[in-house]
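Note that ligands are numbered from 1 as they come in the structure, with each ligand's atoms numbered from 1 the same way. Numbering of residues begins at 1 and proceeds along the displayed sequence. The analysis underlying the following values was restricted to heavy atoms, covering all of them including side chains, and did not include hydrogens, waters or symmetry mates.
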Amino acid sequence: MVSSEKTGVGILGLGKSLPEKVLTNSDLEKMVDTSDEWIVKRTGIQKRRLLEKNQPLYELGVDAANKAMADAGITAEEIDLVIVTTETPDYLAPSMACIIQGKIGAKNAAAFDLNAACSGFMYALTVAKQFIDTGFYKHILIVACEGLSRVVDWKDRATCVLFGDGAGAAVVGPVEQGYGIQAIEMGADGTMGHNITIPCLYMNEEDAAKREHENKNVIWMDGSEVFKFAVRTMAYASEKVIADSNLTLDDIKLIIPHQANSRIIEGAAKRLGVPESKVYINVQEYGNISSACIPIALNEAVEKGLVSKGDNIVLVGFGGGLTWASSMIRWSK
Ligand code: UT7
């Protein structure tokens with residue numbers, strides 16, 4: 001029974017920000033030994049957006065945050081907490097969350113960064129729900145901002161074709177009972193962490209040896225190990241939150257997965273037994289933007305009218321750590 005009492009927790013507003021600069025597959029053909037055909041066939045990616053050399057990542061975060069607050073109809077002063085998810089902060093200190101809190105004028109908000117790699121937005125959504133459920137906070141701004149182009153080895157064709165930059169933001173807050181987040185699944189397997197690494201201030205010999213070129217502070221990935229983990233985990237994590245919400249796949253309007261590779265998404269959809277028409281894909285436009293993929297895709301899906309009030313949607317992510325997280329949300333707007 002749905003009542004108008006606001007005891008649910010859901011997404012009140014969304015925003016996204018992508019840099020202007022576009023890097024196409026044919027641009028990459030001039031940089032490394034690759035082809036548009038290989039990239040499209042193996043990943044589905046056609047282009048990605050990149051930050052300019054001297055452009056701070058927080059700029060995208062601020063833009064996405066302002067749009068999300070406008071969409072939610074709340075002011076920066078009403079935000080109680082800013083959580084930024086990123087694996088590529090402009091600074092280690094101050095945190096990206098403090099930088100963005102200051103720039104948007106959320107002067108009543110606490111602020112911290114959360115790094116769960118590509119699962120970051122989903123982890124932050126879970127954290128936000130706990131704070132709101134307990135009544136400790138009312139409005140939480142999550143800003144997922146990622147500048148993967150800064151940690152990519154542009155001479156390594158195995159990784160440089162995959163990633164892009166961008167930001168997505170969401171205001172999380174109270175919604176009508178029966179709407180909002182219905183179930184959550186979240187997990188990690190640190191024993192598999194060596195499969196995706198980005199060294200920062202320390203690096204062991206094994207990780208140094210994996211990097212062929214001069215710049216060692218770059219992303220390295222065992223693509224096929226991550227691929228298998230991703231297909232398995234996305235199917236499991238989606239099924240889990242659907243079952244925990246006492247629903248079946250037929251009740252789900254749309255699944256919005258992390259956008260790493262269209263073949264991973266297709267593999268997970270096949271394993272789940274859902275038609276691809278129920279799965280949102282935009283990896284062709286932006287490549288893999290780590291934790292920003294899901295809020296950007298969700299924002300697009302809402303803008304396109306694919307999600308309306310009362311629809312059940314599943315958000316599901318996986319990534320470095322290795323980590324995974326999912327949520328079943330009954331859309332409340
Ligand atoms: O956000 C979470 C983190 N990341 C992921 O989820 C990524 C998961 N993994 C993947 O998406 C895929 O494994 C990749 C797209 C990274 C690679 O696709 P794959 O089908 O697993 O290819 P592969 O790594 O097995 O490589 C196949 C061949 C190799 O050549 P040989 O050894 O067969 O001669 C590679 O050297 O393709 C070659 N190759 C390329 N060729 C042209 C690798 N990268 C490229 C490239 N262009 N960019």
Side-chain angles (χ1 to χ4, degrees), residues 23-48 85-88 115-123 144-149 151-166 168 187-190 192-198 210 212-213 218-237 256-269 271 279 281-284 286-297 315-326:
L23 186 76
T24 64
N25 290 351
S26 63
D27 295 330
L28 279 159
E29 285 175 349
K30 294 171 201 128
M31 296 161 65
V32 284
D33 179 15
T34 191
S35 65
D36 174 54
E37 192 197 351
W38 191 96
I39 302 171
V40 171
K41 198 167 151 209
R42 300 287 183 130
T43 72
I45 301 166
Q46 294 170 8
K47 50 191 160 180
R48 61 292 286 147
T85 67
T86 187
E87 14 181 8
T88 53
N115 178 356
C118 305
S119 310
F121 178 79
M122 301 307 300
Y123 264 62
C145 50
E146 304 281 7
L148 276 303
S149 68
V151 291
V152 156
D153 179 349
W154 289 104
K155 293 177 187 153
D156 176 16
R157 69 174 183 175
T159 49
C160 75
V161 302
L162 303 174
F163 299 100
D165 304 335
D189 182 355
M192 290 183 77
H194 56 278
N195 289 302
I196 310 177
T197 49
I198 311 173
K210 282 173 179 169
E212 281 179 35
H213 304 113
V218 289
I219 194 162
W220 181 91
M221 180 167 68
D222 183 334
S224 61
E225 276 301 310
V226 179
F227 194 105
K228 285 181 270 178
F229 166 85
V231 172
R232 196 172 62 236
T233 308
M234 289 223 292
Y236 155 76
I256 301 182
H258 173 51
Q259 308 283 321
N261 182 327
S262 57
R263 283 193 301 136
I264 292 178
I265 298 173
E266 285 153 17
R271 209 174 160 119
V279 184
I281 304 188
N282 66 2
V283 70
Q284 66 281 2
Y286 309 124
N288 181 349
I289 328 175
S290 190
S291 70
C293 284
I294 290 178
I296 290 172
L315 311 182
V316 56
F318 70 92
L322 299 182
T323 53
W324 65 90
S326 58

Q. How far is atom 4 (N) of ligand 1 from its nearest protein heavy atom, and which residue and atom name does that atom have?
A. M221 SD, 3.1 Å
Q. So which bit of V32 gets within less than 4.0 Å of ligand 1, heavy atoms only: side chain, backbone, both or neither?
A. neither
Q) For the side chain of Q259 and the backbone of C293, is there at least one donor-acceptor N/O pair under 3.5 Å apart? A) no
Q) Judged by modelled atom types alone, do S291 and E87 share a side-chain donor-acceptor pair under 3.5 Å? A) no
Q.
Give me the residue, atom name and distance of the protein heavy atom closest to atom 18 (O) of ligand 1.
A. R263 NH2, 3.5 Å
Q) Does atom 31 (P) of ligand 1 have any protein heavy atom closer than 4.0 Å? A) no
Q: Go through ligand 1 atom by atom and flag the ones less than 4.0 Å from a non-hydrogen atom of A260.
A: 1 (O), 5 (C), 6 (O)
Q.
So which atom in W154 and which in S149 form the shortest heavy-atom distance, rounded to 0.1 Å?
A. NE1-O, 3.1 Å
(Q) So does V32 get a backbone contact from the side chain of R157, meaning a donor-acceptor N/O pair under 3.5 Å? (A) no
Q: Going by heavy-atom distance to atom 42 (C) of ligand 1, choose the closest among F318, W38, F229.
A: W38
Q: Using modelled atom types only, decide if a donor and an acceptor are shared between the side chain of S35 and the backbone of W38 within a distance under 3.5 Å.
A: yes
(Q) For the 3.5 Å polar cut-off, considering only N or O atoms, please tell me whether G223 and ligand 1 meet it. (A) yes
Q. Just by modelled atom types, is the L315 backbone N or O under 3.5 Å from a matching donor or acceptor in the S326 side chain?
A. no
(Q) Is it the case that the side chain of E29 and the backbone of D36 share a donor-acceptor pair, with hydrogens and angles ignored and the cut-off at 3.5 Å? (A) yes
Q. Can you tell which part of T34 has a heavy atom less than 4.0 Å from ligand 1: side chain, backbone, both or neither?
A. both
(Q) So, taking the atom named CG in L322 and the one named OG1 in T233, what distance separates them when rounded to the nearest 0.5 Å? (A) 8.0 Å
**Q.** Nearest-0.5 Å distance, CD1 of residue I289 to CD1 of residue I294
**A.** 11.5 Å
Q: Look at atom 22 (O) of ligand 1 and say whether a protein heavy atom is found at less than 4.0 angstrom from it.
A: yes
Q: Determine if the distance from atom 44 (N) of ligand 1 to the closest protein heavy atom is below 4.0 Å.
A: yes
**Q.** Numbered atoms of ligand 1 (with element) below 4.0 Å of A158, judged on heavy atoms
**A.** 44 (N)
Q) For the atom pair CZ (F227) and CE (M221), what is the distance rounded to the nearest 0.5 Å? A) 11.0 Å
Q: Return yes or no for this condition: an N or O of N288 is under 3.5 Å from an N or O of ligand 1.
A: yes
Q | Nearest-contact summary for atom 5 (C) of ligand 1 - protein heavy atom, Å | A | V226 CG1, 3.7 Å
Q) Can any side-chain N or O of N288 pair as donor or acceptor with the backbone N or O of N261 at less than 3.5 Å? A) no
**Q.** Donor-acceptor pair, side chain of T197 and main chain of H194, under 3.5 angstrom
**A.** no
Q: Please write down residue, atom name and distance for the protein heavy atom closest to atom 35 (C) of ligand 1.
A: R157 NH2, 3.9 Å
Q) Non-hydrogen atoms of S224 versus ligand 1: any pair closer than 4.0 Å? A) yes
Q: Please report which non-hydrogen protein atom sits nearest to atom 27 (C) of ligand 1, along with the residue it belongs to and the distance in Å to one decimal place.
A: R42 NH1, 3.7 Å
Q. Roughly how far, to the nearest 0.5 Å, is the CD1 atom of I196 from the OG1 atom of T159?
A. 11.5 Å
Q. Given L162, D156, I196, N195, which one has a non-hydrogen atom that is nearest to atom 3 (C) of ligand 1?
A. I196
**Q.** Which segment of I264 sits under 4.0 Å of ligand 1 when only heavy atoms are counted
**A.** side chain
Q) What's the shortest distance from atom 14 (C) of ligand 1 to any protein heavy atom, and which residue and atom give it? A) N261 ND2, 4.4 Å
**Q.** Proximal atoms of ligand 1 relative to V161 (non-hydrogen, under 4.0 Å)
**A.** 48 (N)
Q. Can you name the one residue among N25, D165, T24 that meets side-chain hydrogen bond (donor to acceptor under 3.5 Å, both in side chains) with R48?
A. N25
Q. H258 to ligand 1: N or O pair under 3.5 Å?
A. yes
Q) Do you see a protein non-hydrogen atom under 4.0 Å from atom 7 (C) of ligand 1? A) yes
Q | Those atoms of ligand 1 less than 4.0 Å from some heavy atom in T43 | A | 15 (C)
